[in-house]
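Values reported hereafter were calculated over all heavy atoms of this structure, with side chains retained and with hydrogens, waters and symmetry mates removed.
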Amino acid sequence: MMRALYSSVAGLKTHQTKMDVIGNNIANVNTVGFKSSRTTFATMMYQTTSFASGANAQTGKGGVNAKQIGLGTTFASTAIDIDTGGASESTGKAFDLKLSDKNSTSFYIVNTGTENVFTRAGAFYVDGAGNLCMESTGYMVMGWQVDANGNIRKDTVSPLKIMSAQNQSSQPEYTTKGRCTGILDDNSSNVNSDTGYAMNLKFYDNLGYAYTARFAAQKTGKDGEYTINLTDILDENGKSIISGSDTRLSDLFGTDNAQGSNVYITDNYIMASGMAGALKRLAMTPVIPDGGQATDGTLTYTFPASVVNQYLSYSDDTAKYAMPDGYSVKYTVTNPEGAEGDRKYTMTLIDASGREVEDPSTVLDANWLKETFQPGTNGNMEIVKKETMLDSLKEWLDAGDFQNGTAVDPADPNKGTSYELNTTQMQQLADKFVGENINVANSKVTVTITNPGSSEPGFAVTVEPQNSPLATLAGADNTALADGVHTKESTLLDYLGYGYVSVKAKDINDKDIFTTDLPLDAEFRYYPGDGHYEIVTPATDGFKAQFSTSDGSLTYIGQQGSTTQTLRMSNFKMEGGVANPFSDIQIDFSTLKNLSNGGSSTAAMSAGDGDGGEGKKVGTLIGLSVNQSGMIYGSYSNGNTTLLGQIAVARFGNASGLESIGDNCYRTTMNSGEFDGIGVEMDSDGSTIDSGTLEMSNVDLANEFTQMITTQRGYQANSRVISTSDSILEELVNLKR
C-alpha cells in the first residue's frame with residue numbers, strides 16, 4: 001500500500017513540473033524570440049518480487065516472467081523547440097531584425113561585457129555612444145568591421161559601433177565630369193547678344209566646397225557656328241575666385257588659337273567710388289616703351305568693324321561696301337600729346353583671330369569702291385571716306401526723310417518741290433560740311449528737288465538769312481548742286497573718340513579702380529568719346545562649337561572629332577603654396593543641339609555624366625539601414641551610402657543544447673558545440689535578416705491548453721490514488737477496533 005502512495009506522490013511532482021513548464025510557455029507567449037519547451041517523463045524504478053525463469057524441458061514447465069512493481073515516475077527532460085520559428089511582427093524600425101532561417105538555426109551574438117552569449121531576440125537600438133545594443137539588456141551586438149578600403153573584414157567579432165565619430169559624416173568628392181545638354185536656338189536674343197546665353201556648372205572641390213563656373217554661348221557665324229566661353233568662377237558666397245588670382249580665364253578653358261569670342265562681363269564689376277577720373281587718366285596716359293622718351297609714347301585705339309562701318313562704310317546704287325564682320329582696326333597715335341606735325345599715325349588691320357593682316361588690301365579693296373584704303377599720313381595706310389553733300393541729300397531722299405514739301409509752281413511740276421530741313425538735318429550738314437558745334441537755330445535751309453523718281457534727281461539749296469553760318473551750303477547763285485560740291489573727306493582720325501583704348505587688367509587692379517579685381521586676361525575697353533567702358537572676356541577664352549546644318553547635332557567643339565572639352569581646374573594657381581583642391585572637369589557637349597525652338601534656347605550644364613563624377617559636398621548621417629545579409633549602411637545628406645559594418649550570426653551543431661540564461665539569451669554547453677569567435681554570414685545558407693520585423697514567441701496556445709488539460713487530469717488521478725490508498729489504510733486500522 002505504501003508503494004502506491006509513494007508512486008502517486010512522484011506522479012504529483014512530475015505533473016507539477018510539467019505544469020511549471022506549461023506555465024512558463026504561456027507566460028512568454030508574447031516574448032520576442034522566445035522558444036517554447038516541452039517535458040518528458042520516465043519511470044522511476046521497479047521492485048522485482050520474482051525474477052523471470054526460462055522453460056524447462058526436463059520438468060515440462062514453461063518460462064515465467066518476472067514479477068515487478070513500478071515505484072512511480074520521474075521528470076526525464078525538457079526539450080526546447082529551438083528550430084521552429086515564431087510569427088513575424090512588423091514594426092517598421094530599422095533595427096528591429098528577424099532571423100529567417102533557411103536550413104539551420106541562427107543566433108545573434110551579443111556581449112554582456114564579460115562573455116559572448118546568443119539570442120534570437122532582434123529588438124536592437126543605437127545607444128548614446130553609437131553602439132548597436134539589445135534594447136532589453138544593453139548587451140552589445142557583435143559583428144564584423146569595415147577595413148580601410150570599405151570592405152568587410154571577417155575576423156573575430158567585435159562590438160558594432162555604427163555611429164562612431166568617423167561615421168557621422170561622409171567624405172566630399174571633387175567633380176570630374178559634366179555635360180551640356182539642350183538646345184541653342186539661332187533666333188533667341190541671348191545667343192546674339194554681347195553677353196551671350198548664360199549657362200552655369202556647379203561643381204565641388206575635394207573639400208566639398210561648391211563653386212559655379214559661368215559659361216556663355218554666342219552665335220558667331222552662319223551655318224551653326226557658335227562659341228562656348230568661360231566668363232567667371234564663383235565660390236559659395238558669390239565671389240569670383242578668378243578675380244585677384246594669377247589664373248587667367250584662358251588657362252582654364254580656351255586655347256591660344258583664339259576660338260572664343262568677346263563676351264561682355266561689364267556688369268560683373270562695380271567701379272569704386274570716385275575712381276572715374278583715375279580711370280580716365282590711366283587709360284589716356286601714353287604707353288612709353290622701356291628706355292623711351294615721352295615723344296615715343298603711344299595711344300592705341302581699336303575700332304571694331306561695326307564702328308568702322310557706321311562712320312566710313314559706303315553704298316552706291318548696287319551694293320554696300322564695308323569691313324567684314326570680325327575684323328577690327330588698331331589705330332596707334334605716337335606722341336599724342338605733341339603738336340600735330342610731331343604725331344605719327346599707324347593703322348593695323350586685325351582679323352577675327354586677333355592676328356595682324358599683312359596685306360590689308362586683300363581684305364578691304366574689294367569692299368570700298370572709292371579707294372578708301374589708301375596711303376595716309378607718313379606713308380601709312382588709312383581708311384578714307386569721301387562724302388559730298390549731294391550724297392547726304394540722296395540718302396535722305398531714298399530713305400523718305402524729306403517731309404511736308406511745297407510745289408514750286410503747281411502749274412509746272414517740272415519746277416520741283418521744296419522742303420524745309422528740320423534742325424537735326426541742318427545740324428548734320430553743318431557738322432559734316434561746315435564745321436562742328438555750329439548754332440543752326442536761327443537758320444533756314446530749303447532743298448528743292450526735281451525729278452525725284454529718276455536715277456539722277458536734281459537738288460538746289462537755299463539758305464536764309466544770307467549771313468547765316470550755313471550760307472556756304474548753298475550754291476554760289478542758288479543753282480542746282482552738282483556731284484562733288486561740298487566734299488568731306490573722313491578718316492578714323494575724325495572718330496577717335498568712338499574707338500576704345502585697351503588697358504591692362506593688372507594696371508586696373510593695381511589702382512583699385514574696381515571693388516573687385518578683374519581677371520588678368522580680361523580685356524578692358526575705355527571709350528574716350530563719352531568715358532564709358534566695357535569689360536570683355538579674351539578671344540582665347542573659349543572654344544568654337546560647330547553644329548550640323550542637316551540635323552542640328554554637334555559636329556565638334558574645339559577641334560574636329562571632339563565633342564568634349566575640359567575645364568582645366570588643375571591649372572588654377574593657388575596662393576601661398578596651398579595644394580590645388582580641384583580636379584579637371586571633362587564636359588560632354590555631344591547631346592547639345594542647334595535647332596529652332598520657338599526663339600528660346602534651353603541649353604544647360606550639369607555636373608556628372610549620369611554614371612558619376614558629379615562631385616559631392618560633405619554629408620551628414622541622416623539614416624541607417626540593414627540589408628538581408630546583415631550589412632549595415634549609413635545614408636548621408638550628400639547622397640552617399642556607406643557600409644558601416646555587418647552583423648554576424650552563430651550556428652551550432654545542436655542548438656537545442658544551448659543553456660538558457662534568461663534575458664532571451666543562451667550560453668554554449670558541452671552538448672551544443674562551441675562558438676569559434678568569428679561567426680558566419682547570415683545568407684551563407686540562403687537565410688536572411690529581415691529589417692523592420694521582430695520574431696515573436698513560437699508558443700502554440702492550443703497545444704499548451706491541451707497539455708494543461710492532460711496534466712491536470714494526470715495530477716487529479718494521482719491524487720485519487722493517494723486518497724484511495726488512504727481509505728484502504730484506514731480500513732486496515734479499523735480491523736483492530
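Around atom NZ of K573, more than 12 heavy atoms belonging to other residues, nucleotides or ligands sit under 6.0 Å away. When the shell of 6.0 Å around CD of Q166 is examined, it contains more than 12 heavy atoms from other residues, nucleotides or ligands. Shown here is E337, whose CD atom has no more than 12 heavy atoms of other residues, nucleotides or ligands within 6.0 Å.
A donor-acceptor contact closer than 3.5 angstrom links the side chains of S261 and Q218. For S553 and D551, the side-chain atoms include at least one donor-acceptor pair closer than 3.5 Å. Looking at D232 and S240, their side chains do bring a donor and an acceptor atom within 3.5 Å of each other. A donor and an acceptor atom, one from each side chain of N597 and S600, are nowhere located under 3.5 Å apart. Looking only at atom types and distance, the side chain of N640 has a donor-acceptor partner in the side chain of K616 under 3.5 Å away. For the residue pair T300 and T332, a side-chain donor N or O sits within less than 3.5 Å of a side-chain acceptor on the partner.
Partners of D256 by side chain to side chain donor-acceptor pair (under 3.5 Å), not counting sequence neighbours: none found. Listed by chain and residue number, K544 satisfy the salt bridge (charged side-chain N to carboxylate O under 4.0 Å, His left out) test with E225 (two or more places apart in sequence, or in another chain). In this view, E534 and R525 satisfy the salt bridge (charged side-chain N to carboxylate O under 4.0 Å, His left out) rule, not counting sequence neighbours. A search for side chain to side chain donor-acceptor pair (under 3.5 Å) contacts involving S502 returns nothing, not counting sequence neighbours. Listed by chain and residue number, nothing satisfies the salt bridge (charged side-chain N to carboxylate O under 4.0 Å, His left out) test with D494 (two or more places apart in sequence, or in another chain). By the side chain to side chain donor-acceptor pair (under 3.5 Å) test, S193 pairs with T195, sequence neighbours left out. Residues satisfying the side chain to side chain donor-acceptor pair (under 3.5 Å) criterion with T348, sequence neighbours excluded, are absent altogether.
Screening L249, I242, T537 for a side chain to side chain contact (heavy atoms under 4.5 Å, CB included) with D521, the sole residue that qualifies is L249.
Note that the CG atom of L252 and the OG1 atom of T566 stand 11.5 Å from one another [nearest 0.5 Å]. A distance of 8.5 Å separates CG of D507 from NZ of K511, quoted to the nearest 0.5 Å. N268 CG to L234 CG: the interatomic distance, rounded to the nearest 0.5 Å, is 8.0 Å. One finds the CZ atom of R343 at 9.0 Å from the CG atom of L493 (value rounded to the nearest 0.5 Å). Here the CZ atom belonging to R568 is positioned 11.5 Å from the OG1 atom belonging to T247, to the nearest 0.5 angstrom. Note that CD1 of I557 and OG of S590 are 10.5 Å apart. Values are rounded to the nearest 0.5 Å.
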Q. Can you list the steps and then say if Y533 with F524 is a ring-ring contact (aromatic ring centres under 6.0 Å, His included)?
A. CA-CA 7 Å; Y533 61 86; F524 186 88; 5.4 Å; yes
Q: Would you sort out whether V618 and S170 count as a side chain to side chain contact (heavy atoms under 4.5 Å, CB included), showing the intermediate values?
A: CA-CA 6 Å; V618 65; S170 175; over 6 Å; no
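Under the 4.5 Å side-chain criterion, counting only non-hydrogen atoms from C-beta, S635 is not in contact with L621. By the 4.5 Å heavy-atom criterion applied to side chains, I228 and Q565 are not counted as neighbours. L496 places a side-chain heavy atom less than 4.5 Å from the side chain of Y331. Within the 4.5 Å cutoff, side-chain heavy atoms of L230 are placed close to those of I233. When side chains are defined from C-beta on, P581 does not count as touching F572, because their heavy atoms never get closer than 4.5 Å. No side-chain heavy atom of L592 sits under 4.5 Å from any side-chain heavy atom of T181. In this structure, E523 and Y500 have side chains that are in contact, with non-hydrogen atoms separated by less than 4.5 Å. Taking the side chain as every heavy atom from C-beta outward, M347 and L492 approach each other to under 4.5 Å.
Checked for salt-bridge contact, D510 and K506 meet the test: a charged N lies under 4.0 Å from a carboxylate O.
Between F582 and Y174, the ring center distance fails the sub-6.0 Å criterion. The distance between the ring centers of Y311 and Y495 falls below 6.0 angstrom. Between F543 and F253, the ring center distance clears the sub-6.0 Å criterion.
Nearest heavy atom pair, residue I535 against residue T266, reads N-OG1, 3.0 Å. The two atoms that bring G208 and K617 nearest to each other are O-CB, 3.5 Å, heavy atoms only. Here the shortest heavy-atom pairing between I438 and A430 reads CB-CB, 4.5 Å.
Note: H532 and Y527 have parallel aromatic rings, judged against thresholds of 30 and 60 degrees for the angle between ring planes.
Among residues at least two apart or in separate chains, side chain to side chain donor-acceptor pair (under 3.5 Å) pairs with a member in residues 201-214 are D205-Y211. Counting only residues at least two apart or on different chains, no ring-ring contact (aromatic ring centres under 6.0 Å, His included) pair has a member in residues 588-616. Sorted by first and then second residue, the pairs that involve residues 183-192 and meet side chain to side chain donor-acceptor pair (under 3.5 Å), not counting sequence neighbours, are D186-Y226, D186-N594, S188-S601.
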Could you give the side-chain donor-acceptor pairs of residues 604-613 under 3.5 Å, partners two or more places apart or in another chain?
residue: D609; atom: OD1; partner: D611; partner atom: N; Å: 2.9
residue: D609; atom: OD1; partner: G612; partner atom: N; Å: 3.3
residue: D609; atom: OD2; partner: K177; partner atom: NZ; Å: 3.2

Determine all donor-acceptor pairs shorter than 3.5 Å in which one atom belongs to a side chain in residues 271-298; sequence neighbours excluded.
residue: T285; atom: OG1; partner: R281; partner atom: O; Å: 2.3
residue: D296; atom: OD2; partner: Q293; partner atom: N; Å: 2.9

